[in-house]
Amino acid sequence: MENVLESIGVTKNYAGKAAVENVSLKLETGLVYAMLGPNGSGKTTWMKMVAGLVKPGKGEILYKGKAIGKESKKEIAYMSTEPYFYSWMTVADVGRYYQDFFEDFSMEKYHQMLKRMELTEELKTKKLSTGMMAKLKIAVTMARNAKLYLLDEPLNGIDLLARDEVVNTILTNMSDNASVVISSHLVEELERIIDKAIFMKDGQIVLMGDVEEIRQERGESVTDLYRQIYG
């Protein structure tokens, strides 16, 4: 299986403190990864570096063997934790905004996901609840035909009953042979659908591996390991 992305000794400091420290990993094509850890563990900073929004202080990140830049942004879809739409926008405006910026954006897929998530196009983004905003961000991100999706805490603000549907929406709308990285602290909802788990703590990777191998070697679930590492 080919590697779509490689992070090589990546470090990023803020105010003299390492947000990400010496992170080395490879992401394979066609797999679903969970990047696990509590707030402040380095997940968001690493994703922002892969998305090209922040530059590493040390090390490098290679997408298909080349440095992150203008070309990689065409194939990497990043969903941040922060709301990033203008207050005047409606749900329809958000779709048109993405269509203008990204050649791989599918308005048809966007409309399908809006219907599935019970979001109407005339809704104003500034009036959306936390859960509705989370669904909108997922819909507009997954409507891209990207090769690598980075979803930062996509289940935040979504009630327990809706989480399964949101996870299924992510899986059914990712493009063929794409890779997905989902950062979260809600491990139980993700364990059934991920191929590999990356545990981060204090900016470093403390454990990474195939989910089935982790279960067999340690005799524990990913959820139990999460409790051990961070409890």
Side-chain angles (χ1 to χ4, degrees), residues 1-10 20 23-37 41-54 56 59-81 98 101-106 109-110 113 137-156 163 166-187 189-200 205 207-215 222:
M1 202 174 282
E2 294 182 359
N3 295 323
V4 66
L5 184 121
E6 187 172 5
S7 175
I8 308 167
V10 170
V20 171
V23 169
S24 295
L25 60 86
K26 295 178 181 179
L27 301 181
E28 296 178 39
T29 301
L31 298 185
V32 179
Y33 293 79
M35 183 166 270
L36 304 172
S41 56
K43 307 186 302 296
T44 294
T45 300
W46 184 83
M47 281 192 168
K48 285 184 174 179
M49 288 189 283
V50 175
L53 301 177
V54 175
E60 62 179 337
I61 300 173
L62 303 177
Y63 175 76
K64 294 184 176 179
K66 297 180 180 180
I68 295 295
K70 184 178 179 181
E71 292 305 310
S72 65
K73 289 181 181 181
K74 294 179 181 179
E75 296 188 359
I76 297 176
Y78 170 62
M79 192 201 90
S80 74
T81 55
Y98 261 63
F101 271 90
F102 301 106
E103 293 179 5
D104 62 359
F105 183 80
S106 168
K109 282 178 67 177
Y110 182 57
M113 282 184 277
K137 290 194 298 181
I138 290 165
V140 77
T141 304
M142 298 309 300
R144 288 187 58 190
N145 187 33
K147 299 302 180 187
L148 175 60
Y149 297 91
L150 305 170
L151 308 178
D152 197 359
E153 299 286 358
L155 300 179
N156 273 11
R163 286 176 191 167
V166 168
V167 169
N168 289 334
T169 297
I170 293 169
L171 294 178
T172 55
N173 285 281
M174 57 187 281
S175 48
D176 293 339
N177 297 317
S179 303
V180 182
V181 181
I182 305 173
S183 82
S184 186
H185 57 276
L186 301 171
V187 192
E189 282 83 354
L190 296 180
E191 182 162 2
R192 66 180 177 82
I193 59 103
I194 60 175
D195 300 298
K196 292 181 180 286
I198 305 164
F199 292 84
M200 291 193 70
I205 295 176
L207 177 65
M208 176 176 174
D210 180 274
V211 170
E212 286 302 323
E213 290 178 3
I214 289 173
R215 291 190 190 112
V222 172

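We count residues from 1, following the sequence as given.
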_So Asn156 and His185, do their side chains get closer than 4.5 Å, heavy atoms only?_
yes
_Going by side-chain contact (heavy atoms from CB on, under 4.5 Å), Leu62 matches just one of Lys64, Glu60, Lys66. Which one?_
Glu60
_Quick one, Ser7 and Trp46 - any side-chain contact, counting heavy atoms below 4.5 Å?_
yes
*Any side-chain donor near an acceptor of the partner, Asp152 and Thr44, under 3.5 Å*: yes
*Could you tell me which non-hydrogen atom of Leu190 sits nearest to which non-hydrogen atom of Ser184, and how far apart they are?*
CD1-CB, 3.5 Å
_Heavy-atom closest contact (Ala197 atom, Ile214 atom, distance)_ = CB-CD1, 4.5 Å
*What closest approach, in Å, do Val20 and Gly42 show between heavy atoms, and which atom pair accounts for it?*
CG2-O, 3.5 Å
*Are any non-hydrogen side-chain atoms of Glu103 and Lys74 less than 4.5 angstrom apart?*
no
_Test item: Ser106 side-chain N/O and Lys109 main-chain N/O as donor-acceptor pair under 3.5 Å_ = yes
*Between atom CE of Met142 and atom OG of Ser175, what is the distance when rounded to the nearest 0.5 Å?*
7.5 Å
*Do you know the tightest heavy-atom contact between Tyr78 and Leu53?*
CE2-CD1, 3.6 Å
*With distance as the sole test, does Ser183 use its side chain to make a donor-acceptor pair with the main-chain N or O of Met35 at under 3.5 Å?*
no
*Determine yes or no for a side-chain-to-main-chain donor-acceptor pair under 3.5 angstrom, with Lys43 supplying the side chain and Gly37 the backbone.*
yes
*Indicate the atoms forming the closest heavy-atom contact of Pro154 with Ile138, along with that distance.*
O-CD1, 3.4 Å
*Could you check Val222, Val187, Ile205 and say which one makes a side-chain contact (heavy atoms from CB on, under 4.5 Å) with Phe199?*
Val222
*Closest heavy-atom pair and its distance - Asp104, Arg144*: OD1-NE, 2.9 Å
Identify all side-chain donor-acceptor contacts of residues 24-34 below 3.5 Å with residues at least two apart in sequence or on another chain.
from  : atom 1 : to    : atom 2 : distance (Å)
Ser24 : OG     : Gly9  : N      : 2.8
Thr29 : OG1    : Glu2  : O      : 3.3
Tyr33 : OH     : Glu28 : N      : 2.6

_Could you measure the distance from the CD atom of Glu153 to the CD1 atom of Ile182? Nearest 0.5 Å is fine._
10.5 Å
_Within this structure, what is the OH-CD distance for the pair Tyr149 and Glu75, rounded to the nearest 0.5 Å?_
11.0 Å
*Test Ile193 against every option in Ile170, Asn168, Val167 by the side-chain contact (heavy atoms from CB on, under 4.5 Å) rule and name the one that passes.*
Val167
_Applying side-chain contact (heavy atoms from CB on, under 4.5 Å) to Val180 and Leu151, what does each step give before you reach the verdict?_
CA-CA 8 Å; Val180 182; Leu151 308 178; 4.2 Å; yes
_Trace of the side-chain contact (heavy atoms from CB on, under 4.5 Å) decision for Met79 with Leu150_ = CA-CA 6 Å; Met79 192 201 90; Leu150 305 170; over 6 Å; no
*Please confirm whether the backbone N or O of Leu5 pairs with a side-chain atom of Asn3, one donor and one acceptor, at under 3.5 Å?*
no
*Heavy-atom distance under 4.5 Å between the side chains of Thr169 and Met113, does that happen here?*
yes
*Would you say the side-chain atoms of Lys137 pair up with the backbone N or O of Thr81, donor to acceptor, closer than 3.5 Å?*
yes
*Expected output: side-chain Ser72 to main-chain Gly69 donor-acceptor under 3.5 Å*: yes
*Evaluate the criterion side-chain contact (heavy atoms from CB on, under 4.5 Å) for residue pair Ile61 and Glu6; output intermediate values, then yes/no.*
CA-CA 6 Å; Ile61 300 173; Glu6 187 172 5; over 6 Å; no
*Hey, what do you get for CG (Leu36) to CD (Glu191), rounding to the nearest 0.5 Å?*
9.5 Å
*Can you tell me if Tyr110 uses its side chain to pair, donor with acceptor, with the backbone of Phe105 under 3.5 Å?*
no
_Intermediate values then yes/no, side-chain contact (heavy atoms from CB on, under 4.5 Å), Phe102 and Lys73_ = CA-CA 9 Å; Phe102 301 106; Lys73 289 181 181 181; over 6 Å; no
